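This report refers to the structure that appears directly beneath it.
Heavy atoms only: backbone and side chains are in, while hydrogens, waters and symmetry mates are out. The structure displayed is predicted, hence computed values, not measured ones. Throughout, numbering of the chain's residues begins at 1 and tracks the sequence.
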Amino acid sequence: MSFVRSRSARAALLTVPFVAAGLLGTAVAPAAATPAQPAGSLTCRGEGVDPEAPVRYRTETVIDAPLHVVWKLQTDVERWPSWQQHVTSMDRLDDGPFRKGTAFRWTTPVPPNPVTPAPSLDITSTVEQIKRNSCIRWTGPAVGEGLRIDGVHVWTFTKVQGGIRVSTEETHAGPLVEQNVSFATEVLRQGLEGWLRDLKTAAESRPGCPRR
C-alpha cells in the first residue's frame, strides 16, 4: 500500500477516527498536547495492543444490563449499523459463531471536507483472540483514498456492582498517524468513547434490562 505524504493527505487522515468518523467538528487537543498514556494494557488470552504503535487510547464504562445482552450486541457484528451511528455498512466474511478467525468488513463515513474526496473508510477486522463473555481482540487495516491505519483493538467484559464494566483499548500505527500523534490520539479517544456510549444506550434500552 503506497502512502500519500502531502499535507492534504495527512490532514485527511487525522480528521477521521478509526471507529467514528462523524465526530469531526468536536473539540480536539492542540497538536502540542501530550497524549494520555493508560496505566497498563488490556489483554485477551495474553495478547494486547501493539506496544510499538504511536497512537493509543484506553477507556471504559459500566453498563446496567446483563452480560449476555452486552456480549450479543458487541459480537453480532452484522447488526452494528442498527445501533452504532457511524457504522454505515457491514459484511461478515465468514459463517457460524463469532470466534477466532472471524473476519468482517465495515465502513464509516468521511465527513465532507476540503482536503480529500474519500467518501468513507473501509475497515477489515479479524478476530485473533476471544474468550466468550470475557474478552475479544481483533486486528486489521482501515483504508481510504491514499490513507491507511493499522489497528489493534482489545475489549474486556467484567461483572461489577451495577452491571458490566466494558473496557476497550486500541492502537493505531502507520506513517501518516505519526505526523501528529497528539491529534490522532484525541480523535481515537472520541471514537472509542462514542462507541461505548452507543453500546451502553443500546444495551440498557433492551426490554427486560434492569433499571437502578
Just so I know, are the side chains of [X] and [Y] near enough to count as touching, which here means a heavy-atom distance under 4.5 Å?
X	Y	result
I123	R105	no
F157	I136	yes
Q74	F98	no
R137	I130	no
S41	V49	yes
V143	L121	no
T156	C44	no
L42	R58	yes

Item to complete: Check the side chains of D122 and T107 for a donor-acceptor pair under 3.5 angstrom, ignoring hydrogens and angles.
Response: no

Any salt bridge between E169 and R56, counting N to O under 4.0 Å? yes

Between D198 and K200, is the closest basic N to carboxylate O distance under 4.0 Å? no

Exactly one of D50, V55, V152 clears side-chain contact (heavy atoms from CB on, under 4.5 Å) with H172, and that residue is V55

Kindly state whether the ring of W71 and the ring of W155 have centres lying under 6.0 angstrom apart. no

Q. So if you build clusters from Ile, Leu, Val, Met, Phe, Trp, Tyr with side-chain heavy-atom gaps below 4.5 Å, do W195 and V62 land together?
A. no

(request) Take the angle between the ring planes of W138 and W80 and call it parallel below 30°, perpendicular above 60°, tilted in between. (result) tilted

By salt bridge (Lys or Arg N to Asp or Glu O under 4.0 Å), R132 pairs with (sequence neighbours left out) none

From the list H153, E128, E47, side chain to side chain donor-acceptor pair (under 3.5 Å) partner of T139 resolves to E128

